[in-house]
Amino acid sequence: MSQAILLVDPPYDRVAPGYEFVRHVSNRAPALGLLHLAAMAREHGYDASIVESDAEGLDEDAVVRRIVERAPRYVGITLFTVGVWASVKIAQGVKAALPDTTVIVGGPHVSSMGRETLERFDCFDLAVVGEGEWALVELLRALEGGGDLGAISGLIWREGDALRENPSRPIPQDLDDLPMPAWDLLPGFPEAYPPAIYDYPRGPVATIAASRGCPFHCKFCDTSTFGARVRAYSPAKVVEMIQHLNARWGVRHIMFVDDLFLASRTRVTDFCERLLAMGLRITWTCTARVDTVKPDILALMKRAGCWEISFGLETGSNELLVKMDKAARVERSELAVGWTHAAGIRTKGLFMLGYPGETPETIRATRDFVRRIPMDIMNLTKFTPYPGSPIYVDLYGTKIRTDHWKKMNGMNFVFTPEGMTIEQLDRGYQKLLLDFYSRPQVMHHYAMLTLRHPTHLLRLARFGLGYAGAKLRSLAAGRRGLLAERVDTLN
Ligand code: B12
Ligand code: SF4
């Protein structure tokens, strides 16, 4: 009989205390990496299953109970920094109840801090650094057949009390060799995984990573899992995935989660032409750098169903863009957003607040910027120095910092720039969002969107009620912002 592996996306705090109402409108994308791993394990004869804690409403104890009920031989947990402590609790619970079960960890946190993580938490038996499909299969085979763990590249393992770290794995080149992600193993797919409100025209929705890797080094970004070399599925394979999702689950909207969807113009052109030739009425969204879009490719993307492009605009201050090592400047961002808008594609601006060097003036520059560009949706995160990002090393060296991992969800200020306070940042945060969303043209756009897609209404009503409650509670407690708990920053 085949051995069972249970893959876990752990629960973690998705919002800051005081902002719980945000849950009603936020993204619930599944851990795509686990779908890739499950498909690969299944193809090699293992009985794979997935636990999606958030979508299934499971806290750490409930996840442990689920694992203990199924008593798998292997448990694989995907680690974002924000989910490490929850995963430790789960792994400890599993080890206490099922001492023979092997706990394997992987994911972005492990790719940057694998060794330190295993050193610190002995409930994790093994860690896989980087892309996991081949490493996992080799590892399971070795564990079953008594093979040599020292021969599996990218693996961190224990030999007695010592930790061994094998050389890193050559980067897999041909993604087409991988089996299709195992959407069929995802609990409640597709209904349980809606994107953020107003971030899709209609469901059901699925995510696809059509390429991996990014050659840039923006200082806040953790690229340790996929590295600098961009590799992609062939356009034919991507279209095949979309057809499969549409035929089997009626998926009508795809969110591409690639770091650089537009890395190759030739590939995107080929993909759009194939989609058009197929005549499938699918819409899709992707992420792009402002310096990769031009009016002609945008026109083709629009015809092929592109509904929204997310741009990492970050800030309205060129001074900060330089500090972040971003190649483009505000003027280029403005051009790209204008072209995209003119092509009839929605634009989503990804911004952050609180980067080192942020001041009241730079916040003002961002406010002016978002008020003058034809952007449709603004996503504002609170700057967080993630392990694996160059800025983390600049700020803290390579020393492991575990104290704030739980808060590293982009919704907490775990760092304050020189001369600013958390309260100032929190007020700036609210003001920026309010300024943007209260613009008449933005409100009109959302009103039209709601009329066309009334499914958003229920989520919006829950959000509005939650916000009113949070505001009342903060006033009653004498606070000026919504933050319900003080967070001491790292610096
Ligand atoms: C899609 C995405 C999301 C989605 C889905 C999240 C998810 N659980 O996968 C959503 C939108 C929910 C999300 C949220 C967040 N994200 Co995000 N997200 C991504 C993105 C763009 C793509 C991830 C992806 O699907 N990759 C494709 C799959 C195939 O790869 P993968 O998941 O990494 O899995 C592979 C390997 O990691 C490994 N692996 C993974 N797990 C395991 C487990 C085992 C046992 C093994 C053996 C191997 C293994 O094998 C897999 C297959 O090769 C990445 C950027 C990137 N390039 O990775 C950021 C990224 C993962 N996100 C990041 C962050 C910080 C977040 C947030 C925590 C904060 C934020 N910035 O918004 C939030 C959480 C917010 C919240 N409030 O919920 C950081 C993580 C940094 C870190 N050290 O934690 C990244 C790397 C962005 C960046 N460049 O800085 N995210
Ligand atoms: S922010 Fe985007 S362009 Fe910059 S390093 Fe990260 S993935 Fe690459």
Side-chain angles (χ1 to χ4, degrees), residues 5 7-10 12-16 19 22-23 26-37 39-41 52 54 74-84 103-113 124 126-137 139-140 154-155 172 175 178 181 193 195-196 199 207-228 230 255-260 263 287-289 291-292 310-312 314 324-328 350 352 379 381-390 392 405 408-411:
I5 175 160
L7 296 158
V8 180
D9 187 10
Y12 46 83
D13 288 338
R14 296 191 165 232
V15 293
Y19 281 86
V22 173
R23 281 173 205 280
S26 57
N27 188 336
R28 290 244 203 95
L32 189 53
L34 295 186
L35 306 190
H36 282 267
L37 296 170
M40 192 73 169
E52 265 292 347
D54 194 48
Y74 306 104
V75 168
I77 312 181
T78 188
L79 295 190
F80 275 40
T81 301
V82 67
V84 172
V103 178
I104 309 162
V105 289
H109 181 83
V110 172
S111 297
S112 60
M113 285 220 162
F124 300 143
L126 298 143
V128 168
V129 174
E131 287 162 61
E133 287 91 344
W134 286 109
L136 181 65
V137 167
L139 173 61
L140 295 179
L155 185 72
L175 300 185
L178 297 172
Y193 304 91
D199 218 8
T207 48
I208 293 180
S211 65
R212 297 180 179 182
C214 173
F216 298 98
H217 298 284
C218 305
K219 292 193 83 163
F220 52 80
C221 182
D222 166 18
T223 53
S224 44
T225 302
F226 295 125
V230 181
M255 297 185 96
F256 287 106
V257 298
D258 315 31
D259 288 332
L260 277 186
T287 307
R289 281 173 63 96
D291 44 12
T292 55
S310 298
F311 291 109
E314 323 304 351
M324 292 172 182
D325 274 359
K326 291 284 286 193
L350 308 175
M352 65 177 67
N379 179 306
T381 56
K382 300 175 179 173
F383 164 70
T384 305
Y386 293 107
S389 63
Y392 182 92
W405 285 357
M408 288 195 164
N409 57 4
M411 299 293 276

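We count ligands from 1, going down the list as the structure has it; atoms in each ligand are counted the same way.
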May I ask you to check whether [X] has an N/O atom sitting below 3.5 Å from an N/O atom of ligand 1?
X: Tyr12; value: no
X: His109; value: no
X: Pro108; value: no
X: Thr225; value: no

task: Side-chain contact test, heavy atoms from C-beta onward, threshold under 4.5 Å: evaluate it for Asp9 versus Pro30 and give yes or no.
output: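 With C-beta onward as the side chain, the pair stays apart.
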
Counting heavy atoms only, which of [options] comes nearest to [atom]?
atom: atom 47 (C) of ligand 1; options: Val75, Leu139, Val128; value: Val128
atom: atom 58 (O) of ligand 1; options: Tyr392, Trp405, Trp134, Phe226; value: Phe226
atom: atom 88 (C) of ligand 1; options: Ile208, Asp222, Thr78; value: Asp222

Short side-chain to backbone donor-acceptor contact, [X] and [Y], under 3.5 Å:
X: Asp325; Y: Lys219; value: no
X: Lys326; Y: Gly312; value: yes
X: Thr78; Y: Gly76; value: no

- request: Might you point out which heavy atoms bring Met408 and Val82 nearest each other, and give the distance in Å?
  value: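 Looks like O-CB, 3.1 Å.
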
Exercise: identify the closest heavy-atom pair between Pro387 and Thr81: CD-OG1, 3.5 Å

- prompt: Hey, which protein N/O/S atoms does atom 8 (Fe) of ligand 2 have under 2.8 Å?
  reply: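 Only Cys214 SG fall inside 2.8 Å of atom 8 (Fe) of ligand 2.
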
- request: Answer yes or no for Met113: is there a heavy-atom contact with ligand 1 below 4.0 Å?
  value: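 No.
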
field: Non-hydrogen atom of Gly388 closer than 4.0 Å to ligand 1
entry: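 So Gly388 does not count as touching ligand 1.
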
task: Output yes when a protein non-hydrogen atom is found under 4.0 Å of atom 6 (Fe) of ligand 2, and no otherwise.
output: yes

- prompt: Do Ser111 and Ser224 have side-chain atoms, one donor and one acceptor, less than 3.5 Å apart?
  reply: no

Partners passing side-chain contact (heavy atoms from CB on, under 4.5 Å) against Asn379 (at least two apart in sequence or in another chain): Lys348, Leu350, Thr381

